[in-house]
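Letters A, B, ... mirror the listed sequences (proteins, then strands); counts begin at 1.
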There are 2 protein chains.
Amino acid sequence: MSRVLNEGSGPVAPETRLRVLASIKSLHYRPHAAARELKTQSTSTIGLVVADVANEFFGQLADRVVRAARAHDLGVLLLTTQEDAVLESDSVKMLMDKRVGGIIAAPTGRNSGVWRQVTDMGVHLVFVDRTVTRVPAADIVGVDNQAAGYAATDHLIEHGHRRIAIISGPLAISTGSERVAGYRRAIQDQGLDDDDRLIFEADFRDPRGSAAVDRMLALEDPPTALVVSNTARAAAVAARLGERDVSIPEDLSLVVFHDATWAALAKPGITVIRHPMGEIADRAVDQLAKRMTEDWPERGEVIRLTSELVSRGSVATPKRGR
Amino acid sequence: MSRVLNEGSGPVAPETRLRVLASIKSLHYRPHAAARELKTQSTSTIGLVVADVANEFFGQLADRVVRAARAHDLGVLLLTTQEDAVLESDSVKMLMDKRVGGIIAAPTGRNSGVWRQVTDMGVHLVFVDRTVTRVPAADIVGVDNQAAGYAATDHLIEHGHRRIAIISGPLAISTGSERVAGYRRAIQDQGLDDDDRLIFEADFRDPRGSAAVDRMLALEDPPTALVVSNTARAAAVAARLGERDVSIPEDLSLVVFHDATWAALAKPGITVIRHPMGEIADRAVDQLAKRMTEDWPERGEVIRLTSELVSRGSVATPKRGR
DNA sequence: TTGTAAGCGTTATCAA
DNA sequence: TTGATAACGCTTACAA
């Protein structure tokens with residue numbers, strides 16, 4: 001009987017409750033989630049849309065999202081975009097058909113319209129890590145990327161570097177442009193040369209991802225330090241640097257976004273910008289869970305967490321001369 | 001109208017089909033998945049149960065499973081066990097309530113009964129990477145772990161090592177015991193000393209994961225080579241080895257299971273056993289999709305794929321003397 | 001306190 | 001070829 005499962009939904013005699021409970025046990029009865037959803041017009045599943053869980057960054061994020069969701073009794077439907085706009089909108093379509101209660105997404109950036117539709121149709125949306133414009137109802141949970149870009153660059157400047165390059169993700173993506181903005185601001189604040197040729201935009205899916213390294217090394221006046229703010233390509237960049245026999249930090253100081261396993265294990269250890277992955281995921285899920293119970297919000301909320309620069313051995317004073 | 005969506009389900013005039021299609025467009029109609037499921041008693045979602053997608057191994061697996069599932073128009077509900085038996089059975093419970101069409105799982109090994117119930121209730125089950133006993137109806141997709149353990153050990157023997165240690169995952173898990181069995185067989189085939197003190201069983205969740213390293217190093221007659229068949233702890237082991245100033249391969253030759261990013265990037269590169277992650281995922285999903293359309297099988301099928309030893313710089317001839 | 005019936009959005013059956 | 005109707009398994013409102 002329904003009243004014993006959803007306690008509080010009506011009166012039920014203690015004795016009959018036990019009788020019902022007994023039958024449930026003996027018959028191995030389990031409520032049919034789809035039927036319940038159909039009747040109550042509510043779901044206990046949310047969607048998670050990220051680029052690629054093979055990438056440790058999103059893997060960690062997804063792991064924590066799943067864990068946090070469980071605490072709210074929410075299932076997580078995982079969809080990946082592989083940074084492809086078509087896969088992204090297909091993913092959204094599937095989630096809408098399944099009538100998820102909300103979506104946590106790291107958008108590719110090329111689908112504002114699709115995301116806008118999501119909120120227009122009354123499905124709650126929380127962007128994590130990245131954002132897109134023109135989706136006012138979406139909540140945003142992420143770090144202050146501009147500050148992080150600034151911190152990474154400033155850290156290198158403090159060590160005496162004057163020519164600092166950055167390998168960014170696509171500037172069309174919020175994290176890309178924000179981090180580069182922070183980088184630029186740091187360069188300008190210190191009165192350094194703001195040289196556009198030191199800014200490399202590497203596509204997330206660039207098979208070699210390292211073309212940028214070659215172009216950088218080919219510069220007539222190559223940099224003495226590098227910020228890799230493109231998390232997805234960072235390992236490829238490091239690999240290419242190794243192939244090209246660039247030694248770190250002697251030839252090049254290095255700061256990388258995201259504290260991946262390889263960064264801590266490399267010799268020397270790589271100085272990184274560390275994101276509070278657990279907190280990002282927890283806040284995103286909490287926010288979504290809150291939205292799913294409360295009434296529809298006026299505008300989305302922006303939750304900015306702080307990243308941290310973890311200093312290891314990949315940054316040193318630049319060699320003199322050259 | 002239903003007949004135009006599910007084409008072939010009934011006759012429909014070409015003209016009315018167009019009219020219906022037009023309304024669908026204009027009203028932004030999307031079929032309600034839950035209602036359809038309720039009626040047809042079928043689902044378009046499968047469950048994926050792995051330990052932990054923050055781990056690159058399962059991250060890669062999950063990524064490919066999601067991609068392959070999409071090709072079959074299947075959604076993936078992701079649940080993680082964190083290697084915890086309780087979380088595992090909770091996960092299964094949720095998946096059963098949601099009436100998924102099937103489950104792909106890397107079981108913790110401590111829940112045979114739960115998995116048995118899954119198949120008993122008519123839900124298709126494909127084990128990936130690992131297995132548990134007593135679930136005859138489950139399909140299994142994985143590599144030949146015993147052969148892999150043998151190959152890793154034999155590779156070290158061929159390089160002249162006589163004392164070879166192994167840090168395994170829990171022996172209660174199929175991969176753990178199989179890999180150790182392969183290791184043992186290689187040791188015995190070559191007439192080497194089969195010393196139990198060289199076999200270390202490190203729990204997947206061991207916070208330091210490196211206690212085994214310390215114990216190994218404390219041996220009066222320490223090994224000259226090490227196989228780390230515990231993928232989840234391999235990075236921690238490498239980190240501890242570094243802290244203890246063990247240089248590779250001079251002091252210790254190393255072979256690790258799973259070709260993680262850090263293994264390729266380390267200097268020297270780490271020799272690894274590489275699993276065909278993509279193929280494992282693809283076969284698992286294909287198998288599940290096949291089961292979901294066909295009739296219930298007699299017994300599960302076992303699909304054994306082959307792993308590959310990728311030689312890099314972490315294996316050398318042992319130093320003389322000692 | 002308990003039983004009954006309607007209805008959620010589909011698909012399938014049966015008449016028209 | 002099409003329209004009406006029952007049923008999937010649940011929740012909920014209302015009657016007993």
Gap between atoms CZ and C1', on B:R36 and D:dG9 respectively (whole Å): 18 Å

Protein-nucleotide distance (A:K98, atom NZ; C:dG9, atom C1'), rounded to Å: 15 Å

Distance, rounded to the nearest Å, where A:E37 contributes CD and C:dG9 contributes C1': 13 Å

Option among A:E178, A:E83, A:E88 that satisfies the salt bridge (Lys or Arg N to Asp or Glu O under 4.0 Å) test with A:R130: A:E83

Selected nucleotide, minimal atom distance to A:K39 side chain, candidates C:dT2, C:dT11, C:dC8: C:dC8

Options C:dT10, C:dC8, C:dT2, nucleotide nearest the side-chain atoms of A:P11: C:dT2

Whole-Å distance separating the CG atom of B:N6 from the P atom of C:dT10: 11 Å

Secondary-structure string, 5' to 3', Watson-Crick or G-U under 3.5 Å, | for another-strand partners, for DNA chain C: |.||||||||||||||

Presence of B:Q41 side-chain N/O under 4.0 Å of D:dG9 phosphate oxygens OP1/OP2: yes

Separation of C:dA6 P from A:L38 CG (nearest whole Å): 17 Å

Whole-Å distance separating the CG atom of B:D97 from the C1' atom of D:dG9: 13 Å

For A:H32, all residues meeting ring-ring contact (aromatic ring centres under 6.0 Å, His included), sequence neighbours excluded: none

Whole-Å gap separating P (C:dT10) and CD1 (B:I24): 10 Å

Whole angstrom value for the distance that separates P of C:dT1 from CD of A:E7: 15 Å

Shortest side-chain distance from B:V12, nucleotide among D:dT2, D:dT11, C:dG9: D:dT2

Comparing B:T16 and B:R99 on DNA chain D - which has the more 5′ nearest nucleotide: B:T16

Neighbour count above 12 (heavy atom, 6.0 Å) for B:E294 CD: yes

Which donor-acceptor pairs under 3.5 Å do the side chains of residues 277-284 of chain A make with protein atoms, sequence neighbours left out?
from   : atom 1 : to    : atom 2 : distance (Å)
A:D282 : OD2    : A:R64 : NH2    : 3.4

Flag, side chain of A:T43 to backbone of A:T45, donor-acceptor distance under 3.5 Å: no

A:T40 side chain near D:dC10 phosphate (N/O to OP1/OP2, under 4.0 Å): no

Side-chain ion pair, B:R116 and B:D120, N-O less than 4.0 Å: yes

B:I104: which of B:D139, B:V128, B:V141 passes side-chain contact (heavy atoms from CB on, under 4.5 Å): B:V128

Touch class at under 4.0 angstrom, heavy-atom based, for A:R30 against every strand present: sugar-phosphate

